[in-house]
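Just below is one structure, and these are the notes that go with it.
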Amino acid sequence: MNTVRIKSSAVLTAYIQHRRFPAWTAFYIKKRDIINDQFGLSNFNWKVDGVNYQILRTGCYPFVKYHCTKAPYENLETLNLFYGSLKAINFGIPLILYGLAGLMFAKHREYIVVQGTEIELRFWYE
């Protein structure tokens, strides 16, 4: 376990840069390894070196899961509210199952160094 925790936004940015701006990627990060500075954001735009990504993000204990799609900027405020409401309405139960699925099926691991700290990312696909 890392003793230094890095902001999840810094890990997201570093991974997109590391992959040289992929059209799409998805990964899990262990919550215990990060500072969850994007808490409350479910669907949002994220610029990395001028390239826009539409991010779907959710907490799914013991992880935070990111789906990242390179796409033009769009106003995602309504969708962000919708996804946040959906999580609250179902008491987060599907998210716990999503986290369990991550533990069982996200077997491919990659490591990225962010601000001098090694962070483990997990993937369903290699």
Side-chain angles (χ1 to χ4, degrees):
M1 181 163 105
N2 293 327
T3 56
V4 176
R5 294 174 53 208
I6 305 298
K7 289 182 179 180
S8 57
S9 59
V11 177
L12 173 61
T13 297
Y15 187 69
I16 288 171
Q17 291 169 330
H18 173 75
R19 292 288 314 272
R20 297 188 180 125
F21 307 95
W24 181 87
T25 189
F27 56 90
Y28 290 90
I29 308 172
K30 291 180 193 171
K31 281 187 176 194
R32 70 178 187 204
D33 290 344
I34 57 168
I35 298 167
N36 193 5
D37 67 322
Q38 295 171 322
F39 182 82
L41 295 175
S42 297
N43 194 198
F44 58 97
N45 291 286
W46 193 255
K47 279 204 184 246
V48 180
D49 298 337
V51 178
N52 192 68
Y53 281 83
Q54 291 183 10
I55 308 296
L56 282 168
R57 179 209 155 281
T58 195
C60 48
Y61 188 82
F63 301 106
V64 173
K65 175 75 186 266
Y66 284 91
H67 290 266
C68 313
T69 303
K70 189 187 297 185
Y73 176 89
E74 288 183 47
N75 184 338
L76 300 173
E77 288 180 33
T78 302
L79 284 171
N80 186 54
L81 286 172
F82 171 74
Y83 288 124
S85 299
L86 195 59
K87 291 176 193 179
I89 288 169
N90 63 38
F91 303 108
I93 293 168
L95 302 177
I96 293 169
L97 298 174
Y98 200 20
L100 291 173
L103 286 171
M104 291 188 308
F105 301 117
K107 298 299 183 190
H108 178 69
R109 297 175 187 189
E110 291 183 23
Y111 298 86
I112 184 167
V113 176
V114 182
Q115 300 170 3
T117 300
E118 187 176 72
I119 303 290
E120 177 188 89
L121 303 178
R122 292 187 182 199
F123 304 84
W124 286 32
Y125 307 102
E126 190 168 335

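- To the nearest 0.5 Å, atom CZ of residue F91 and atom CD1 of residue I96 are 12.0 Å apart.
- In the hydrophobic clustering of this structure, I55 groups with V48; members are Ile, Leu, Val, Met, Phe, Trp, Tyr whose side-chain heavy atoms approach within less than 4.5 Å, directly or through other members.
- Relative ring orientation between F123 and H108 is described as tilted, the plane-to-plane angle lying within the 30° to 60° band.
- Considering all non-hydrogen atoms of both residues, S42 and G84 come closest at OG-N, 4.0 Å.
- One distance of note links CG of L56 with CG of N43; it measures 4.5 Å at 0.5 Å rounding.
- Placement of F27 and Y98 in two distinct hydrophobic clusters is found when ILVMFWY residues are connected by side-chain heavy-atom separations under 4.5 Å, directly or transitively.
- The minimum heavy-atom distance between A101 and Y28, with the atom names listed, is C-OH, 4.5 Å.
- The CD1 atom of I29 sits 12.0 Å away from atom CZ of R122, with the distance rounded to the nearest 0.5 Å.
- The backbone N or O of N75 lies less than 3.5 Å from no partner atom in the side chain of N45, so there is not a single donor-acceptor pair.
- Under the 4.5 Å side-chain heavy-atom criterion for Ile, Leu, Val, Met, Phe, Trp and Tyr, F82 and L76 are members of the same hydrophobic cluster.
- A side-chain hydrogen bond (donor to acceptor under 3.5 Å, both in side chains) with N36 holds for exactly one of R5, R57, K31; it is R57.
- Annotation: the span from K107 atom NZ to Y125 atom OH amounts to 15.0 Å, rounded to 0.5 Å.
- Panel note: side chain Y53, backbone P22; a donor-acceptor pair is recorded below 3.5 Å.
- The shortest non-hydrogen separation linking D37 to S8 is OD1-OG, 2.8 Å.
- Hydrophobic clustering of Ile, Leu, Val, Met, Phe, Trp and Tyr side chains at less than 4.5 Å, counting indirect connections, keeps I6 apart from V113.
- In this structure, Y73 places its OH atom where more than 12 heavy-atom neighbours from other residues, nucleotides or ligands lie under 6.0 Å away.
- Pairing each heavy atom of G102 with each of W124, the nearest pair is CA-NE1, 4.2 Å.
- In this structure, H18 and Y15 have tilted ring planes: the angle between them lies in the 30° to 60° band.
- In this structure, CD1 in I112 is found 10.5 Å from CD in E118, a value given to the nearest 0.5 Å.
- Environment of CZ in F21: crowded, with over 12 heavy atoms of neighbouring residues, nucleotides or ligands closer than 6.0 Å.
- Note: L121 CG to Y66 OH = 10.5 Å, rounded to the nearest 0.5 Å.
- Taking the side chain as every heavy atom from C-beta outward, L12 and Q38 approach each other to under 4.5 Å.
- At a threshold of 4.5 Å between side-chain heavy atoms, the hydrophobic network of Ile, Leu, Val, Met, Phe, Trp and Tyr places F44 and I34 in one connected group.
- Just one of K87, H67, K65 meets the side-chain hydrogen bond (donor to acceptor under 3.5 Å, both in side chains) condition when paired with T58; it is K87.
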